Amino acid sequence: MSMPSGSVSPSPRVIYRPGEEGVNSYGLLTSIILPRPIAWVSTIGADGVGNLAPHSFFSVASASPPVVSFTSVGRKDSLANVLATEEFVVNIVSTDQLEQCNGTSAEVEPSVDEAALLGIALEPSDVVAPQRVAGSPASIECTLHSTVEVGDSVIILGLVQAITVQERVLSGRHVDAALLDPLSRLGGPQWGTLGEIRSLRRPRPEDVLPD
C-alpha cells in the first residue's frame, strides 16, 4: 500500500512507563513537547528583593477573563514571591536575550537579585510593583488569580492587568511574530528560534465535510 503524500515510514515504538527504573519522564516530556514558550518571570519578594527567572511551562489559560499560567517545578523563588505579593510580570524573551535569560536560570540564593547580578536593565511596570525587563519586546503584567498544586509542581494562574508591546514589533495594531523574534525551550540545553512562519486559514465546515 502506498504511503500518503508527506508521511514517513512507520517505525517501531519504544514504550517508557513513568516510575519504572531508568525512565526519566521529565526529560522525555521536555524533549517531545516543544517548542515551549518561555515566561521570563519578574517578581519581588516580601523583603523587597527582586527575582528574574525563566519558566518554560507557560501558556494562556483563559481568554475571558484573560489569564496566563506558568508552572513552578518545585518550590522556586518565583512561586514564593508570587504567593507573598500576588503580583508578577511575564516578559517575552527575544533571540538577542538568550545569554541573559539563560544566565537567570542559575540556582542562586533568594537574597540575590538576578537582574542586578547580570546587569539586566529593568523599568517600572504600568500596573504592578514588579518591574519588567526593559529590553523585552512584550510583557504581561499580572495579579495572582489562583494556584493549583499538581504533584511536585504548582501552576500559577495570573489575571492579566496590562499587556505592553514595544512599537518596533507592531505591524499596525497587531504583533508581528517575526519582529517579536521569540525564543523557545527545547529538550536538554537546547533553545529554539521562531524559524519558518507559515500561514494557513482555518477550514470552514464545508471544506472538510463530505459532499
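Model, not experiment: these values are computed from the prediction.
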Practice item. Hey, could you give me the CG/CD distance between Asn102 and Glu99, rounded to the nearest 0.5 Å? Key: 6.5 Å
Practice item. For Arg17, look at atom CZ and say whether over 12 heavy atoms of other residues, nucleotides or ligands are found less than 6.0 Å away. Key: no
**Study point:** Close side-chain approach of Gln97 and Val133, heavy atoms under 4.5 Å
**Key:** yes
Exercise for review: Check Val49 against Ser111 and note the closest heavy-atom contact, atom names and distance.
Suggested key: CG1-O, 3.8 Å
Study note, to complete from the structure: Minimal heavy-atom distance between Val160 and Ile163, with the atoms involved, is CG1-CG1, 3.7 Å
Point to revise | Side chain proximity check, Asn51 to Ser78, heavy atoms < 4.5 angstrom | key: yes
Review point. Is there a donor-acceptor contact under 3.5 Å from the side chain of Arg36 to the main chain of Leu186?
Key: yes
**Study point:** N/O donor-acceptor pair under 3.5 Å between Arg132 side chain and Gly135 backbone
**Key:** no
Check your understanding: Which distance, rounded to the nearest 0.5 Å, do you find between the CG of Leu159 and the CD of Glu86?
Key -> 11.5 Å
Practice item. Using a cut-off of 6.0 Å, state whether more than 12 heavy atoms not belonging to Glu206 lie near its atom CD. Key: yes
Point to revise | Heavy-atom side-chain contact between Leu83 and Arg75 under 4.5 Å | key: yes
Review point. Cluster question for you: counting only ILVMFWY and a side-chain heavy-atom cut-off of under 4.5 Å, with indirect links fine, are Leu144 and Val154 together?
Key: yes
Review point. Leu180 and Ala138: which non-hydrogen atoms are nearest, and at how many Å?
Key: CD1-CB, 4.2 Å
Point to revise | From CH2 (Trp40) to CD (Glu114), nearest 0.5 Å | key: 10.5 Å
Check your understanding: Considering all heavy atoms of both residues, which atom of Pro130 and which atom of Ser125 are nearest to each other, and what is their separation?
Key -> O-OG, 2.6 Å
Check your understanding: So, do Cys101 and Trp191 sit near enough that their side-chain heavy atoms are less than 4.5 Å apart?
Key -> yes
Exercise for review: Ignoring hydrogens and angles, tell me if any N or O in the side chain of Arg185 forms a donor-acceptor pair with the backbone of Pro37 under 3.5 Å.
Suggested key: no
Check your understanding: In Å, rounded to the nearest 0.5 Å, how long is the span from OG of Ser153 to NE2 of His55?
Key -> 11.0 Å
Check your understanding: Do Ile156 and Ile44 sit in the same hydrophobic cluster, where Ile, Leu, Val, Met, Phe, Trp and Tyr count as joined when their side-chain heavy atoms come under 4.5 Å apart?
Key -> no
Practice item. Would you indicate whether the side-chain heavy atoms of Ser42 and Gln131 approach each other to under 4.5 Å? Key: no
**Study point:** Heavy-atom pair of closest approach, residues Cys142 and Val128
**Key:** O-CG1, 3.6 Å
Practice item. Apply side-chain contact (heavy atoms from CB on, under 4.5 Å) to the pair Phe57 and Thr30, showing each step before the final yes or no. Key: CA-CA 9 Å; Phe57 294 2; Thr30 55; 3.9 Å; yes
Point to revise | Approximate separation, where rounding is to 0.5 Å, of Leu52 CG and Leu118 CG | key: 8.5 Å
Check your understanding: With side chains defined as the heavy atoms from C-beta onward, is the minimum distance between Pro54 and Ser105 less than 4.5 Å?
Key -> yes
Practice item. Tell me whether Val165 is reachable from Val93 by hopping between hydrophobic residues (I, L, V, M, F, W, Y) whose side-chain heavy atoms are closer than 4.5 Å. Key: no
Practice item. Give the minimum heavy-atom separation between Pro182 and Ile92, together with the two atoms involved. Key: CB-CG2, 4.2 Å
Review point. Does a side-chain heavy-atom distance below 4.5 Å link Leu183 with Thr95?
Key: yes
Exercise for review: Identify which one of Asp126, Val127, Ile140, Val89 satisfies the side-chain contact (heavy atoms from CB on, under 4.5 Å) criterion when paired with Thr164.
Suggested key: Asp126
Check your understanding: Under 6.0 Å from the CZ atom of Arg201, do we count more than 12 heavy atoms belonging to anything else shown?
Key -> yes
Exercise for review: Name the orientation class of the two ring planes belonging to Phe70 and Phe88 (parallel below 30°, tilted from 30 to 60°, perpendicular beyond 60°).
Suggested key: perpendicular
Review point. Can you check whether Asp181's main-chain N or O pairs, donor with acceptor, with Ser94's side chain at less than 3.5 Å?
Key: no
Check your understanding: Should Ile155 and Val150 be marked as a side-chain contact (heavy atoms from CB on, under 4.5 Å) after you check the CA-CA gap, both sets of side-chain angles, and the distance that decides it?
Key -> CA-CA 7 Å; Ile155 303 170; Val150 183; 3.9 Å; yes
Practice item. To the nearest 0.5 angstrom, please state how far the OG1 atom of Thr71 sits from the CG atom of Asp152. Key: 10.5 Å
**Study point:** Main-chain N/O of Ala129 paired to Glu87 side chain as donor or acceptor, under 3.5 Å
**Key:** yes
